[in-house]
Asks: 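Here you go, one structure.
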Amino acid sequence: MNPFSHIKTIVDDALTRLASDGLLPAGLDSSRVVVEPPRDPAHGDVTTNAAMVLAKPAGKAPRDIAAALCIVLQDHADVEAADIAGPGFVNLRIAKAFWPGFMRAVLADGDHFAHSAMGQGRTVNVEYVSANPTGPLHVGHCRGAVFGDALANLLEVTGHDVTREYYTNDAGSQIDSLGDSVFLRYLEALGEDIGEIPPGLYPGDYLVPVGRQLAQEFGDQLQAMQQEQRQTLVKERSIAAMMDLVREDLAALNIHQKVFFSEKTLHENGKIAETVQTMRDAGLVYEGRLPPPKGQLPDGWEDREQTLFRATEFGDDIDRPLMKSDGSFTYFAADVAYARDKISRGFSELVFILGADHGGYVKRLQAVTKALSQGTVTADVLLCQLVRLFRAGEPVKMSKRAGEFITLREVVDEVGSDVLRFMMLTRKNDAPLDFDFQKVTEQSRDNPVWYVQYAHARIGSAFAKAKTEIGDAVTDVSDVPEESLLMLADETEQRIIALIAGWPRAVELAAVNREPHRLAFYLYEIAAEFHSYYNKGKDQPQLRFILPKQVHLTQARLALLQMIRYTLAGGLSILGVTPVDEM
């Protein structure tokens, strides 16, 4: 149950009544009317801008509309008071009798109570990670992996039909380098001294097992093969081995994507050429010249006529080349064909999770999606900033090609998947994030994941204690009488109920804004209120959770604790973190 959606319905009904009474024009567009928490909780439980946004189309002063609205709203059983604030905002205080019903609804729904149908089954493709299959994932990939997976979870619980996808860049020069690197490790496994790995190849030891496997399977037969045949076979085996590593790394982080799409298939089945021709037929492509880039010219730039996508007509800064001077397709041409493939699969929205170094792709992916779908499909391109890793106060440097990188799996093995996932979501995706090994393993308020999980575990302990001291019956909070729930009158209890009431709205806003980190902060705030509540009981015995001589109050407080536990468990589940019962 979402109290804000409930009050929004009440406000909409009140506006309809004002229109039927002739106090407002009929047919006013109320899409901009919102119901939200007031900036100052002292002003009420919710506030609405209805009078402000309807004043101009209604031809009336905002405060006049607000005054009429207040009269109607105060007649509703769930509204205790309605007051005008400032130029025409309406602040509402929800009736006390409403809250027990809300609490019972939460207890009935369990940790799914914040789930909604907001997305209305809209099909969304979320592509994330998509690292080149040239080695295991490193910690730099971790942030996009966690962000993308949490966002996919968030979209699913808000009523979207989500497909999780990984784009495998298994074509191009980096794959040639991978194959050459693995072939050296194959020769090494046969006993040859390969010396230092040449520049441009991958020197990491993670390729040693791949070379050994080839040696065990083929012996020295690869050396006798034609070069093209050998290179094809080695590259195929190398990509497969690297993708097995990637899947294992992702599984260690509790990430399981449904689709692994191969870039190579676009080249092999002619989809890139087909896409370019389709765009040409639609007038989306032309032959022309691009102005030179500003500043120093990049290596290989040439002033020549080339095949260009009319990207500027769809919001991009420049038109984008689709073919190189040698007649081969650009990397972007493969991206265009891939976007077309996604659109053909019927998605309503494409979400791309990319690294911070891909900022130049934002407008071009949006432009090509708009062009190919004729504006029926949207593209949301979200960038993840770098993670700065610290150990013993010193930054850890990473270099994938040098073989000195810190793998994602190493970090998971050291701190655990739950810690790593939560900490990756303690900053907005487009802000840099510092990951301190010491801080994330502390048992203190400064470690947010421990602090939230500890709240969940503490509640479990409270239920176990209540069962021991009073009996099983008191811990059954599935049908607590409303009169018992009305006994929760302490200010901390009221703040917690208000926070939980805002949780469904927070989930929906996080989904709309593509910001799962909001949930991590919200969970921390709820945990902080719980710990405060717990500590108050130490100093004020009447606020303790378990009062053997006051069974009804004890059961009401246990009901509140269960609501907190459902909120924490539901939120942690969205973030992909385990809600632990013991610590």
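Note that this is a predicted model, so its numbers are computed, not measured.
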Asks: What closest approach, in Å, do G571 and L523 show between heavy atoms, and which atom pair accounts for it?
Replies: C-CD1, 3.6 Å
Asks: Taking C-beta and beyond as the side chain, do V440 and F422 meet within less than 4.5 Å on heavy atoms?
Replies: no
Asks: Going by the rule side-chain contact (heavy atoms from CB on, under 4.5 Å), which residues pair with Q213 if we only count those two or more places apart in sequence or in a different chain?
Replies: Q216, E217
Asks: Any donor and acceptor pair, going by atom type alone, linking the side chain of N269 with main-chain N or O of T265 inside 3.5 Å?
Replies: yes
Asks: Is the closest side-chain heavy-atom distance between K264 and E236 below 4.5 Å?
Replies: yes
Asks: Can you sort out the partners of E188 under side chain to side chain donor-acceptor pair (under 3.5 Å), two or more places apart, ordered by chain and number?
Replies: R185
Asks: Please determine, by modelled atom types, if E127 and S130 share a side-chain donor-acceptor pair under 3.5 angstrom.
Replies: yes
Asks: First locate atom CG of D161, then atom CD of E156, and finally report the distance between them rounded to the nearest 0.5 Å.
Replies: 8.5 Å
Asks: Verify the distance criterion only: is there a donor paired with an acceptor across the side chains of D319 and T312 at less than 3.5 Å?
Replies: yes
Asks: Side-chain atoms of residues 405-420: list all donor-acceptor pairs with protein atoms under 3.5 Å, sequence neighbours left out, distances to 0.1 Å.
Replies:
{"from": "T407", "atom 1": "OG1", "to": "E410", "atom 2": "N", "distance (Å)": "3.0"}
{"from": "T407", "atom 1": "OG1", "to": "E410", "atom 2": "OE1", "distance (Å)": "3.2"}
{"from": "E410", "atom 1": "OE1", "to": "T407", "atom 2": "N", "distance (Å)": "2.8"}
{"from": "E414", "atom 1": "OE1", "to": "R391", "atom 2": "NH1", "distance (Å)": "3.3"}
{"from": "E414", "atom 1": "OE2", "to": "R391", "atom 2": "NH1", "distance (Å)": "3.3"}
{"from": "D418", "atom 1": "OD1", "to": "T578", "atom 2": "N", "distance (Å)": "3.0"}
{"from": "D418", "atom 1": "OD1", "to": "T578", "atom 2": "OG1", "distance (Å)": "3.4"}
{"from": "D418", "atom 1": "OD2", "to": "T578", "atom 2": "OG1", "distance (Å)": "3.3"}

Asks: Test your reading of the model: is there a side-chain donor-acceptor pair from N2 to the backbone of F4, 3.5 Å cut-off?
Replies: yes
Asks: Using side chain to side chain contact (heavy atoms under 4.5 Å, CB included), reason through V368 and F314 one step at a time and then give a plain yes or no.
Replies: CA-CA 8 Å; V368 76; F314 301 92; over 6 Å; no
Asks: Looking at every heavy atom in both F332 and P321, which two are closest together, and how far apart are they?
Replies: CD2-O, 4.1 Å
Asks: Please identify each residue that fulfils ring-ring contact (aromatic ring centres under 6.0 Å, His included) with F261, with sequence neighbours left out.
Replies: Y338
Asks: Go through the steps to decide whether Q277 and D281 satisfy the test side chain to side chain donor-acceptor pair (under 3.5 Å), and finish with yes or no.
Replies: CA-CA 6 Å; Q277 186 59 49; D281 294 342; 2.8 Å; yes
Asks: Taking ring-ring contact (aromatic ring centres under 6.0 Å, His included) as the test, write out the residues that go with H267, two or more places apart.
Replies: none
Asks: With rounding to the nearest 0.5 angstrom, report the OG to CD1 distance, S328 to I272.
Replies: 10.0 Å
Asks: How would you list, by chain and number, every residue that makes a salt bridge (charged side-chain N to carboxylate O under 4.0 Å, His left out) with R143, sequence neighbours excluded?
Replies: none
Asks: With distance as the sole criterion, is a donor-acceptor pair present between the side chains of S116 and T158 under 3.5 Å?
Replies: no
Asks: Are V157 and I574 side-chain neighbours, meaning at least one heavy-atom pair lies under 4.5 Å?
Replies: yes
Asks: Might you point out which heavy atoms bring N429 and R514 nearest each other, and give the distance in Å?
Replies: OD1-O, 4.4 Å
Asks: Evaluate D317 against K363 for salt bridge (charged side-chain N to carboxylate O under 4.0 Å, His left out), listing each step before the verdict.
Replies: CA-CA 7 Å; D317 296 324; K363 288 186 177 181; 3.0 Å; yes
Asks: Does D430 come within less than 4.0 Å of K428, counting only side-chain N to carboxylate O?
Replies: yes
Asks: For A527, check side-chain contact (heavy atoms from CB on, under 4.5 Å) against everything at least two apart and list the hits.
Replies: Y451, V452, A455, H531
Asks: For D446 and K439, which heavy atoms make the closest approach, and how far apart are they?
Replies: O-CE, 3.2 Å
Asks: Among all residues two or more places apart in sequence or in another chain, which pass the side-chain contact (heavy atoms from CB on, under 4.5 Å) test with L509?
Replies: R505, N513, R518
Asks: For a side chain to side chain contact (heavy atoms under 4.5 Å, CB included) check, start with the C-alpha distance between R230 and Q226, then their side-chain angles and the critical distance, and finish with the verdict.
Replies: CA-CA 6 Å; R230 182 186 71 221; Q226 294 290 329; over 6 Å; no
Asks: Rounded to the nearest 0.5 Å, how far does CH2 of W503 lie from CD1 of I526?
Replies: 6.0 Å
Asks: Measure the CG-CZ distance between L322 and R280 for me, rounded to the nearest 0.5 Å.
Replies: 8.5 Å
Asks: Who pairs with T275 by side-chain contact (heavy atoms from CB on, under 4.5 Å), at least two apart in sequence or on another chain?
Replies: M279, V336, A337, R340
Asks: As an exercise, state the distance from CD1 of I7 to CD of E36, rounded to the nearest 0.5 Å.
Replies: 14.0 Å
Asks: How far apart are the closest heavy atoms of P579 and H456, and which atoms are they?
Replies: O-CE1, 3.5 Å
Asks: Could you pull out all residues at least two apart from F218 that satisfy ring-ring contact (aromatic ring centres under 6.0 Å, His included)?
Replies: none
Asks: Any chance you could measure I343, atom CD1, to K370, atom NZ, to the nearest 0.5 Å?
Replies: 13.0 Å
Asks: Check salt bridge (charged side-chain N to carboxylate O under 4.0 Å, His left out) between D170 and all other residues, then give those that pass, not counting sequence neighbours.
Replies: none
Asks: Quick one, R458 and F530 - any side-chain contact, counting heavy atoms below 4.5 Å?
Replies: yes
Asks: Within 45 degrees of the ring normal and closer than 6.0 Å to the centroid, is that where the cationic atom of R565 sits relative to F463?
Replies: yes
Asks: Are R122 and E349 side-chain neighbours, meaning at least one heavy-atom pair lies under 4.5 Å?
Replies: yes
Asks: What are the two closest non-hydrogen atoms of A189 and G211, and how far apart are they?
Replies: CB-O, 3.9 Å
Asks: If you apply the rule side chain to side chain contact (heavy atoms under 4.5 Å, CB included), what do you find for K342 with Y167, and how did you get there?
Replies: CA-CA 11 Å; K342 286 182 178 179; Y167 182 54; over 6 Å; no
Asks: Could you check whether the rings of H112 and H115 sit parallel, tilted or perpendicular, using 30° and 60° as the cut-offs?
Replies: tilted
Asks: Check whether F435 forms a cation-pi arrangement with R388 (NZ or CZ under 6.0 Å from the six-membered ring centre, at most 45° off the ring normal).
Replies: no
Asks: Please tabulate, for side-chain N and O atoms in residues 243-258, each donor-acceptor pair with protein atoms closer than 3.5 Å (sequence neighbours left out).
Replies:
{"from": "D249", "atom 1": "OD2", "to": "L137", "atom 2": "N", "distance (Å)": "3.0"}
{"from": "Q257", "atom 1": "NE2", "to": "Y128", "atom 2": "O", "distance (Å)": "2.9"}
{"from": "Q257", "atom 1": "NE2", "to": "E165", "atom 2": "O", "distance (Å)": "3.4"}

Asks: With side chain to side chain donor-acceptor pair (under 3.5 Å) as the criterion, how do S262 and T168 come out once you've worked through the C-alpha distance, each side chain's angles and the decisive distance to 0.1 Å?
Replies: CA-CA 5 Å; S262 165; T168 307; over 6 Å; no
Asks: Can you tell whether the side chains of R164 and D149 come within less than 4.0 Å, N to carboxylate O?
Replies: yes
Asks: Below 4.5 Å, heavy atoms only, C-beta onward: do L178 and D176 meet side chain to side chain?
Replies: no
Asks: Taking Q366 for the side chain and D316 for the main chain, is one N or O donor matched with an acceptor at less than 3.5 Å?
Replies: no
Asks: What's the verdict on side chain to side chain contact (heavy atoms under 4.5 Å, CB included) for Y524 and T426, showing C-alpha distance, side-chain angles and the deciding distance?
Replies: CA-CA 10 Å; Y524 185 88; T426 55; over 6 Å; no
